[in-house]
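So the structure is just underneath, and the comments pick up after that.
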Protein chains: 2
Amino acid sequence: MTLSDIEFPTPSEDADCRPVREILDRIADKWSLYIFVALKDGPVRFNALRRQIDGISQRMLTITLRQLERDGLISRTLFPTIPPRVDYELTAVGRSLLTPVMALMTWADSNRDVIEEARRQHDQTR
Amino acid sequence: MTLSDIEFPTPSEDADCRPVREILDRIADKWSLYIFVALKDGPVRFNALRRQIDGISQRMLTITLRQLERDGLISRTLFPTIPPRVDYELTAVGRSLLTPVMALMTWADSNRDVIEEARRQHDQTR
DNA sequence: CCTTGGCGGTATCAAACTGTGACCAACGCT
DNA sequence: AGCGTTGGTCACAGTTTGATACCGCCAAGG
């Protein structure tokens, strides 16, 4: 039992400090990733986002957008027309996050068959 | 950027998006990413994982490991010694997921200052 | 001998989080 | 007049998570 190895994170490449955790806790929730993908091609209005992200409620969309805006990943622009129009758009920082997020989406897309097969086998063997 | 062209070719998004969503809902929960990073260098025992992932409860570690095992992303090996020893390890599929996950971690690590500054500004302006 | 502690969990219950549906005000269309 | 669209907020129900206790087994310390 090498307690020293467990206790000390490797200094060079390890990224799991507490600030990184706070950021990942924001990104890795149920809806943030979908919002990112929905905004990847440019600004989108609130209800357009709601229609695009299947299953999200109005409340959760509002809450998640507020948090992402607080983190500086998206920007909110209100046009005081009637009816009001609100555009949400990725900031520069948000667009830089889009690269690893899309890598995740691509992985999920190309590995869904493997995972579904693993689930079936696991449920049979159970 | 040819990713968008590959990812969303048809207007009927249900066929393409739903399985990807199921996978991402598994990956993008509160603890899975940390388990992946904790396992990146090889097999780790249950309580070693618990110590390494700060703040996770025994219950959530068990549940999350079971789900990841069901999806074929990690493997569970029980050594019937006294005391019992259980090793968790990334499978080949799990290791392929490690690449985009580490890209996310790296992004979070290099952008944490920007995000913390954005939070401070937002909270002041509020 | 007898307490303490580590191992890998399970069971239970409260707290936190998330989803559902109703409601809002202003206006355009018919 | 009545309905729909805009971007939300609020109260309440349902789900998920966390804290704590407990389990059998054994090893080490006093």
Side-chain angles (χ1 to χ4, degrees), chain A residues 1-7 18 21-35 38-39 42-71 74-89 122 126, chain B residues 17-18 21-35 38-39 42-71 74-89 122 126:
Chain A
M1 285 182 268
T2 56
L3 283 175
S4 55
D5 295 338
I6 296 167
E7 208 59 37
R18 279 193 184 78
R21 264 202 61 170
E22 283 177 23
I23 294 173
L24 281 186
D25 283 347
R26 163 77 46 254
I27 295 166
D29 67 354
K30 190 169 181 180
W31 298 112
S32 296
L33 289 184
Y34 303 111
I35 291 180
L39 293 179
V44 183
R45 299 180 63 170
F46 183 87
N47 277 324
L49 274 176
R50 194 149 78 105
R51 284 186 293 264
Q52 195 169 340
I53 303 170
D54 194 50
I56 196 171
S57 64
Q58 198 167 17
R59 200 181 83 101
M60 289 315 297
L61 181 55
T62 302
I63 291 174
T64 310
L65 285 171
R66 294 275 189 273
Q67 290 171 336
L68 292 174
E69 187 196 1
R70 175 175 180 255
D71 290 348
I74 65 174
S75 64
R76 179 180 187 272
T77 311
L78 168 68
F79 301 92
T81 58
I82 297 294
R85 167 181 175 172
V86 180
D87 274 7
Y88 289 94
E89 188 174 10
H122 185 88
R126 183 167 52 90
Chain B
C17 279
R18 209 163 289 251
R21 264 200 59 171
E22 282 178 25
I23 295 174
L24 282 186
D25 283 348
R26 162 79 45 254
I27 295 166
D29 66 355
K30 190 169 181 178
W31 299 112
S32 296
L33 288 183
Y34 303 111
I35 291 179
L39 293 180
V44 182
R45 301 179 62 168
F46 183 87
N47 276 323
L49 274 176
R50 194 148 78 102
R51 284 187 293 265
Q52 196 169 338
I53 302 170
D54 193 51
I56 195 171
S57 65
Q58 197 167 19
R59 200 180 84 100
M60 288 316 296
L61 180 55
T62 302
I63 291 174
T64 311
L65 286 171
R66 294 275 190 273
Q67 290 171 335
L68 293 173
E69 187 196 2
R70 175 174 180 255
D71 289 348
I74 65 173
S75 65
R76 179 182 188 271
T77 311
L78 167 68
F79 300 94
T81 59
I82 297 296
R85 166 182 174 171
V86 181
D87 274 7
Y88 290 94
E89 190 174 10
H122 185 89
R126 182 170 55 91

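Just the heavy atoms: all of them, side chains too, but no hydrogens, waters or symmetry mates, feed the values below. We name chains A, B, ... by the order of the sequence lines, and we start the count at 1 in each one.
- For the pair A/Asn47 and D/dG7, the criterion of a side-chain N or O lying under 4.0 Å from OP1 or OP2 is met.
- Looking at heavy atoms from C-beta onward, A/Ile74 lies out of side-chain contact with A/Arg76 at the 4.5 angstrom threshold.
- If you take CZ of B/Arg50 and C1' of C/dC7, they are 10 Å apart, rounded to a whole angstrom.
- Put simply, CZ on A/Arg66 is 10 Å from C1' on D/dT9, counting in whole angstrom units.
- A 4.5 Å side-chain heavy-atom check between A/Tyr34 and A/Gln52 finds every atom pair outside the cut-off.
- Atom CG of B/Leu65 is separated from atom P of C/dG8 by 11 Å (rounded to the nearest Å).
- Taking atom CG of B/Leu61 as the reference point, atom C1' of C/dT10 lies 14 Å away to the nearest angstrom.
- At a threshold of 4.5 Å between non-hydrogen side-chain atoms, the residues B/Arg26 and B/Leu68 count as touching.
- Taking only side-chain nitrogens and oxygens, B/Arg45 comes nearer than 4.0 Å to OP1 or OP2 of C/dG8.
- Note: CZ (A/Arg85) to C1' (C/dC27) measures 17 Å, nearest angstrom.
- By the 4.5 Å heavy-atom criterion applied to side chains, A/Arg66 and A/Ile63 are not counted as neighbours.
- Residues B/Asp25 and B/Glu22 fail the side-chain proximity criterion, which asks for heavy atoms closer than 4.5 Å.
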Going 5' to 3' through nucleotides 11-25 of chain D and flagging B where a protein heavy-atom sits under 4.0 Å of the base, S where only the sugar-phosphate is that close, and - otherwise, we get B-----BBB------
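- Between A/Asp54 and A/Trp31, the shortest heavy-atom contact is O-CZ3, 4.1 Å.
- Distances shorter than 4.0 Å separate none of the side-chain N or O atoms of A/Arg51 from OP1 or OP2 on D/dT5.
- Nucleic acid contact for B/Phe79: none, since no nucleic acid atom lies under 4.0 Å from a heavy atom of the residue.
- For the pair A/Leu78 CG and C/dA25 P, the interatomic distance rounds to 18 Å; values are reported in whole Å.
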